[in-house]
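Worksheet: the structure to be examined is printed underneath.
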Amino acid sequence: MVFQTMILTGARNTIGRRWPKNNKRLSSAIQKSEREGWLFVDSVYPIQFARWDFRHYIGILRSEHLLNTLKSRLDSVKTHNFNVVSLEPHQKDGGVFVHFQYSASDPDTALRAIETDLHTEAAKHGGLPSWSGLSGGSIWLVKGTPWREDMDRFASPIVQVTFEGPDVPEQALYDLFRPCGRIRDLALPSPVPPGSLRSSRVTFQRIHSATIARNVVHGAKFTTSSGETPVTRLRMAYQQPIQPHAIRDWMSSHPKITLPLLVFLLGTLTYAIFDPLRSLMVQGKMLNWFDYREFQLYKWLRLNTFDRLTVSFQPEGDVIPPHEEVWKERKEAEGSMKVYLNDMPSTVAFVHGPQGSGKTTMLFNILKGSGRKVLVIDFKELQKAQSDSQLVGGLATQTGYWPVFTFLNSMNNLIDLASVGLIGQKAGLSTSLQDQIKNILEVVANSLKAVKMSHQEKTKREIKRTRTEEEQKQAEERRKRAVQRGTWHDGRLDCVAGNGIMCELGIGDENMKEDDGVNEANLILGPEENANMPKSSLDVDAVSSLPIVIIRNYASNGGQIREDVLDVLAAWAAMLAESQIAHVIVVSDNRENIKRLAKVLSSKPLHSIALSDADATSSLSFVRQKLRDADTDVEFTANQIAHIERLGGRASDLESLIHKVKSGQAVEDAVEDIINRSVAELRKKAFGDDIDDAKGLPWAHEQVWTVLKLLSKQTEIPYYNTLLEFPFKGDEGALRGMEHAELISISTIDGRPSTIRPGKPVFKWVFERLVNDPVFRATQDISLNEKIIASAERTIRTCEEELLTLKQVMEAETARWWSFGGKQASSMRARILLDRMGAAEVKVEKAEKSNQELKKLLYQIG
């Protein structure tokens, strides 16, 4: 197969608008024997790879010179009346199209002769002109139709050949394109939808070869030598090595490879960039890098502006610690806490006591002024979170962990769901709440370690500077004493006076006897003293450099997720203490929460510190001392003392009483106001505002009402007796819920529940107020009686059904000779059921009678 003569009809119309204006006159003057053709000269301009290719502008600046030089060399050839009509630059592909005329009866022979002479003439002049100044271009006879498009289709080593007609054989394509340059690959046509054109892909070794093929062969017609095969027109177009969306398409078609790779890249990005940044932000929070109040400029402005206008003020949140003699119950707890903080940590300190007993106040009074760095995590704030993302964000805010991308968790869950449908398994992008909390706490632990090391380095520098100043001061004192004794010798004089015989000029008449002088060797510290002194200071510094982590409100309000978070916090606290990274203090209202910490610290005992309500004497002394500090000297009467004793020793209630008395309110009125306010709060907390609110409580009305009635008559009640009787019937969750809500407190003996007491001392009087309210008591007793009646009637129905079954058994039962005169099992069971029915019936009658009387009472009151 060979190429037939290229048909050039219509080529002039394709680019006619860029031809010279005298083209029509030239065309009309051409004789019938004259013919036209096209040449392509490559490497005249730089090949443009993209819009940002700056070499393109170099070619534009040299364009006029290059075209003139090229035309002068082409005009020197006169073979077959060769005449250059026009030069058409195609700068994007780095070449120039040459439109020429020639005279010949045999076009093929004439064109080959013209092409040969042009190459020879170019070689005589050292090659063709080029933008780089180096000759390397060549002249090619265009076999198709020139197409000088200016679209963003930049050169590429891959050329797509589209067939407008039957497919061209692979060998014919190779023979056609191989003169342009080495071919790396030639792809056969692939199946296409009906009506679409088939194409082959030719991959060249160099982009320069692809540009020659694209401009020389585009529009050429191919047919076999016999002419039987229909004519096929070839259309050329560049194809980029990376197609648009090729990466996206490849990733979507290979999820088993891309998803694990994506997980690896995200993990690498997190550990390499975000984790160091987060650790730095946690350190900044603890070291107050971002607190404007610690800036020197702010301190100077405040000292010279606002502080000059105000006398003195108490910062909000600061609490004046009570006098030791007044608050005797705090003395032992504070001493135990100081002992723990003044030693290297090996366990966790657990501070527990009822709400309002002064746990937080005691801690911050101890830490105030100590200079220790404190990190506070309030679990109560974390429990307010409505979702896992809010909980993670809350913990990050409290610890200074930033940046945190909480929205990614939801996206990761969606990706996992999609990956299950694609590859049949999860991609592993989503993490559980526990894992997210662990990751945050791990970064915080590393930051705490960095804070510790930073403080130690700072203290070492201060100690070294102090010792250096002391040594310089001591040396100066020794020098002064030596000068006064006349034994001082300045060695610098030796440099001036010289050594040997002349050294007398440097020494003079000083008395250098040992008795008169000072032995400086004795002034140097001995090995033991020199080692012990810095060692003790470093030991003290090692303890004071440790940060303190306080976990407040360590308790769960229910839910397995919150329970798991508590376990994660417990394990993290144990790790910090055992690794001696920080002192860890866990504060909780309930002693039962110590069990979580004991599990992770099974080999070491916890440092437990218990705070309880003060006794009557200490409470009264505390109130008097606080009132004296406020210049309010009050002598309490016996009635006032009795009212104060109603509040018990709860610190929060005593502080409220002191505040009311300072405002001018009488002691009796202040105590009554506290009790009345507690009654309203307790009624809302225990019974709810409405029916919908009551449904969300972890206990029933009759359960909390039963406990309130019992505690209004007694100081404490047995735990298990209450648990086993109606209306609890073994429901321990209701009692635990009341304890968590601070309605009651459960005392333990040897780790087991023992007694139930009011949640606060003042609740004893609050319970009495509620029970003595006739309307409230009647409504609650009616509700309780209805529950009793319902329970008893269920018992009666159950007994009746079982008795009917026993009746059938007894009728079918035959007497046996060995049981003659004995009691049968059915008869014994029937007797038990009858007794149970009788007891239930008595309860029903008693409850109904009580309800009738209570309803009459309501009618009379209402």
Side-chain angles (χ1 to χ4, degrees), residues 312-334 337 351-369 376 378 380 550 552-553 587-589 609-637 639-682 685 741-743 745 757-766:
S312 63
F313 63 95
Q314 177 75 15
E316 184 179 357
D318 291 350
V319 182
I320 301 175
H323 197 271
E324 291 182 357
E325 297 179 356
V326 176
W327 202 268
K328 296 181 295 183
E329 285 74 15
R330 296 292 178 270
K331 188 175 181 180
E332 182 179 355
E334 291 180 359
M337 179 57 66
V351 182
H352 63 92
Q355 188 175 7
S357 58
K359 301 182 292 297
T360 304
T361 302
M362 181 198 71
L363 285 177
F364 285 98
N365 285 334
I366 293 175
L367 298 176
K368 186 177 61 175
V376 180
D378 193 349
K380 186 176 182 180
I550 300 177
R552 297 179 55 192
N553 300 311
V587 183
S588 179
D589 298 336
I609 300 175
L611 293 181
S612 59
D613 297 324
D615 56 20
T617 304
S618 298
S619 301
L620 188 60
S621 300
F622 174 73
V623 175
R624 285 175 176 170
Q625 183 64 40
K626 281 300 188 74
L627 291 177
R628 290 195 192 100
D629 295 340
D631 297 330
T632 306
D633 194 1
V634 178
E635 292 296 333
F636 298 125
T637 63
N639 185 36
Q640 291 176 337
I641 293 175
H643 276 76
I644 294 175
E645 290 178 351
R646 293 183 179 183
L647 301 180
R650 187 60 55 90
S652 58
D653 292 335
L654 295 177
E655 290 285 352
S656 179
L657 171 65
I658 294 168
H659 178 73
K660 292 179 181 295
V661 174
K662 286 180 182 178
S663 302
Q665 196 171 3
V667 175
E668 296 86 347
D669 296 338
V671 173
E672 288 296 324
D673 188 17
I674 294 174
I675 294 176
N676 292 333
R677 184 189 61 189
S678 300
V679 169
E681 293 177 357
L682 181 66
K685 184 185 295 185
E742 297 291 332
L743 298 178
S745 63
R757 296 180 180 179
K760 297 168 62 175
V762 72
F763 278 0
K764 173 70 168 54
W765 305 93
V766 174

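Along the sequence shown, the residues carry numbers beginning at 1. Just so it is clear, the values below take in all heavy atoms, side chains as well, and ignore hydrogens, waters and symmetry mates. Nothing here was measured: the structure is a model prediction, and the numbers come from that model.
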>> If I compare all heavy atoms of Gly358 with all of Ala651, which pair ends up nearest, and what's the gap?
In response: N-CB, 4.3 Å

> For Glu655 and Phe622, what are the C-alpha separation, side-chain angles and deciding distance, and is it a side chain to side chain contact (heavy atoms under 4.5 Å, CB included)?
Replying inline: CA-CA 9 Å; Glu655 290 285 352; Phe622 174 73; 3.4 Å; yes

>> Please give me the minimum heavy-atom distance between Pro758 and Ser745, naming the atom from each residue.
In response: O-OG, 3.3 Å

> Do Arg624 and Phe636 pass the side chain to side chain contact (heavy atoms under 4.5 Å, CB included) test, and can you show the C-alpha distance, the side-chain angles, and the key distance before you say yes or no?
Replying inline: CA-CA 9 Å; Arg624 285 175 176 170; Phe636 298 125; 3.5 Å; yes

>> Against Asn553, only a single residue in Thr360, Asp378, Val587 fulfils side chain to side chain contact (heavy atoms under 4.5 Å, CB included); can you say which?
In response: Asp378

>> Within the structure provided, determine whether Asp673 and Asp669 are in side-chain contact (heavy-atom separation under 4.5 Å).
In response: no

>> Between Glu742 and Lys685, does any NZ, NE, NH1 or NH2 come within less than 4.0 Å of an OD or OE carboxylate oxygen?
In response: no

> Run the side chain to side chain contact (heavy atoms under 4.5 Å, CB included) check on Ile550 and Leu367 step by step: do they pass?
Replying inline: CA-CA 11 Å; Ile550 300 177; Leu367 298 176; 3.6 Å; yes

> Would you say Lys359's side chain and Gly353's backbone share a donor-acceptor pair under 3.5 angstrom?
Replying inline: yes

> Looking at side-chain heavy atoms only, is the closest gap between Lys764 and Arg757 below 4.5 Å?
Replying inline: no

> Is the shortest distance from a Lys or Arg side-chain nitrogen in Glu668 or Arg646 to a carboxylate oxygen in the other one below 4.0 Å?
Replying inline: no

>> Looking at Lys760 and Asp613, is there a salt bridge between them, counting it only when a charged N and a carboxylate O are closer than 4.0 Å?
In response: no

>> So does Ser652 get a backbone contact from the side chain of Ser656, meaning a donor-acceptor N/O pair under 3.5 Å?
In response: no

> Distance from Ser612 atom OG to Arg650 atom CZ, nearest 0.5 Å?
Replying inline: 9.5 Å

> Roughly how far apart are Leu654 CG and Ser619 OG, rounded to 0.5 Å?
Replying inline: 5.0 Å

> If you measure from CD1 on Ile609 to CG on Leu363, what distance do you get to the nearest 0.5 Å?
Replying inline: 8.0 Å

> Between His643 and Val671, which heavy-atom pair has the shortest distance, and what is it?
Replying inline: O-CG1, 3.4 Å

> Run the side chain to side chain contact (heavy atoms under 4.5 Å, CB included) check on Asn365 and Glu334 step by step: do they pass?
Replying inline: CA-CA 9 Å; Asn365 285 334; Glu334 291 180 359; 5.6 Å; no

>> With rounding to the nearest 0.5 angstrom, report the CG to CD1 distance, Asp653 to Ile675.
In response: 9.5 Å

>> Rounded at 0.5 Å granularity, tell me how far CG in Leu657 sits from NZ in Lys662.
In response: 11.0 Å

>> Just verifying a value: how many Å separate Trp765 CH2 and Glu672 CD, rounded to the nearest 0.5 Å?
In response: 10.0 Å

